[in-house]
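Structure record follows, encoded as C-alpha cells.
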Amino acid sequence: VADTYDIIIRNALVVDGTGSPGRPADVGIRDDTIAAVGTVQGDAGHTLDATGLVLAPGFIDIHTHSDRTLVIDPGCDGALAQGVTTHVIGNCGSSPVPAIDDYAEEEDAFFARYDIKRTWSTMAEYLRAIDERGVGLNVVALAGHGAIRRAAMGGSHMRPPDARELTAMRRHIADSLDAGAIGMSTGLIYPPSSYADTEELVEISKEMGQADRIYATHMRDEGLGLLDSVNEAIEIGRRSGSRVQIAHHKASDPRAWGLVNESLALIDQANADGLEIDFDQYPYRATSNGLASLLPAWVHEGGNKAILARVRDRQQRARMVDEILSREGPRAGITWDDVLVADCRGDRTADGKTIAQLARERKMDPVDVLMDLLDKSDGIVAGIYFSLSEDDIVTVMQHPGMIVGSDSSARVIGGKTHEGKPHPRGYGTFPRILGEYVRDRGVLTLEDAVRKMTSRPAEKLRLDDRGTIDVGKRADIVLFNPATVRETATFQEPHAYPEGIPTVIVNGRLAFLNGERQDTLAGRVLRA
Ligand SMILES: [Zn+2]
C-alpha cells in the first residue's frame, strides 16, 4: 500500500540545519509534521518539484519587534517571504504587555491609529489574542523589562525600585513566564530600563534562572563601554542562573570598531566556564531606533506624552538643543549625515532623507530639524544610523555561535504596516546573508549560514521539534534557489520582497507557493 502525504517535495538539495553538507532527497509532509525524508514513494495532495532548489528548515528569527505589527497585519508576509517561519518578539525591553495605567494609554493610542481596540493587558491575554486572531508565522515571546518596570513602578520610574516594587517586578515576570514567555528582555539604553542597575537586573533575572529561561539584553553600551556591557550580561547570567542572549552584537560607535574581537573572546570564555551566553546579529552597517533616543535622558521621564510636552515647551526645548549641540554630533562618533529619517508619520516628505540633507533643504539647523520632526509626529519618529564597521560584521558573522536576528518587524506590502521607509533588514536580513555573504562573498558556507538561521536558534530557544529536517519534526520548511536568492529592499525603497525564495511552509501548510502568498495563517504561539 502506497503511503499518502499532504505534500511531497521531490528532488531537493536538503540542507538540514545541522551544518552537514547538503544531500539530494525528497521530503514527505503529513499534517504538520515531516513524515519522510529520503526517497519518498506515494501520493500527495501537492507534489512539488524542487529541482535546483535548496530545502531547509524554516528560518527562526531570534530577534524581532513584531509584537504590534503581527496584530495589525497578521499575515507577516515580509518575514515569510524570506523563508522565516518563527519570530521571537518582545526584544530590547519593549513589549506591549503588561499594559497598565499610562503605558496602557500609550498602547491604546498606538493601536487606535490602526483602528484596533486593545483587548489584552497581560502576557497570557496577549498570547491568547494572537492565537485567536491568527498569525502567519510561529511566535515566541519575551516580556519587555520596560513594560514590566512601568507596571511595577508607575509614572515615576526613572529611579531605583524600592523593595515592594522589586517584588512587583518579579511577580509580573513570573506571570509572563507562566503564560509561556521564553524569558525577559532589557533595553538598557532606553528609559526606563536604563535606570536599572546590575543588582536590580540580577535580582529580577532569578525568575528566569529558576524557570530555566532566557535573559535577553540590548546592552547598556555598544560603544567604548562594549566590554563592560558584555561583562555585565555575563555577570547577570552567572548570578541569576538565566540563559543569556546578547542582542544584535556589534560596536555601534566608530571609535569602538574592532572591540568585537575582545567581546567575542569574553563570551567564549564564559561559555567555557559553563554559562550559556549567546548572541545574535543582523547583516547591515546601519542601526535603527527612534529619533527620540537622541534626546537627553531627562527628557524621557514619564514616557511619550511627557517627551512630547517637553519638545513643545520653549524653555525645555532650548535646554535640549543646547545639550545636543554640546556633543560632537547627534551622538558619539557619527554626524547628521549618518542619520536617516525612516518613518515620520507627521511629515512624509522627510522619510528616506538624512537630517543633514533636510537641514540644507529647509535652511534650518540639524538639531531644529530633529525637534521639528518629533513635534510633528507626536514624538515618535523612526531613525536609521550608519555607524557599524563591515569588518566587524564579518568577524561576528563568522563566529560559530552567531545566531541570525533581524531586529525588525514583519510587515505586509499593501497592508497597514506598509508605511514609512523602515530599515530594509525587515525584508532582507535572511536573503542578504544567503545572497551577499554566502554566494557572492564566501563569508559563510551555505550549510553554516542555514545552521545559524535554524538549529542554532532552535537550540537556544529549546524548540526541540523545530530547526532541523528530520522525521517527526514540525514541517516548517523553506525552498530557495542558492544561485538567485537575494535581497531587493534598499534604504530608499525598503518595502520589497526578496527574490529566489519561491516556497515556504509553516506547520505543514503552504504560506508561499511558487512565489505566491497563499491564504493561510498557519502560525502558532509557541509557549515555553
Ligand atoms: Zn535593540
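Atoms within a ligand are numbered from 1 in the order they appear, just like the ligands themselves. Model, not experiment: these values are computed from the prediction.
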task: Tell me, yes or no, whether the heavy-atom count around Lys416 atom NZ, taken from other residues, nucleotides or ligands under 6.0 Å, exceeds 12.
output: yes
Qualifying residue, where the test is salt bridge (Lys or Arg N to Asp or Glu O under 4.0 Å) with Arg456 and the options are Asp280, Asp278, Asp448: Asp278
query: Regarding Arg331 and the six-membered ring of Tyr385, is the cationic atom NZ or CZ under 6.0 Å from the ring centre and inside 45° of its axis?
result: yes
- prompt: Parallel, tilted or perpendicular for Phe111 and Trp120, by the 30°/60° rule?
  reply: perpendicular
- prompt: Are there any protein N/O/S atoms under 2.8 Å from the Zn ion (ligand 1), and if so, which?
  reply: Cys92 SG, His218 ND1, His248 NE2
field: salt bridge (Lys or Arg N to Asp or Glu O under 4.0 Å) partners for Asp102, two or more places apart
entry: Arg150
field: Glu459/Arg451 salt bridge by N-O under 4.0 Å criterion
entry: no
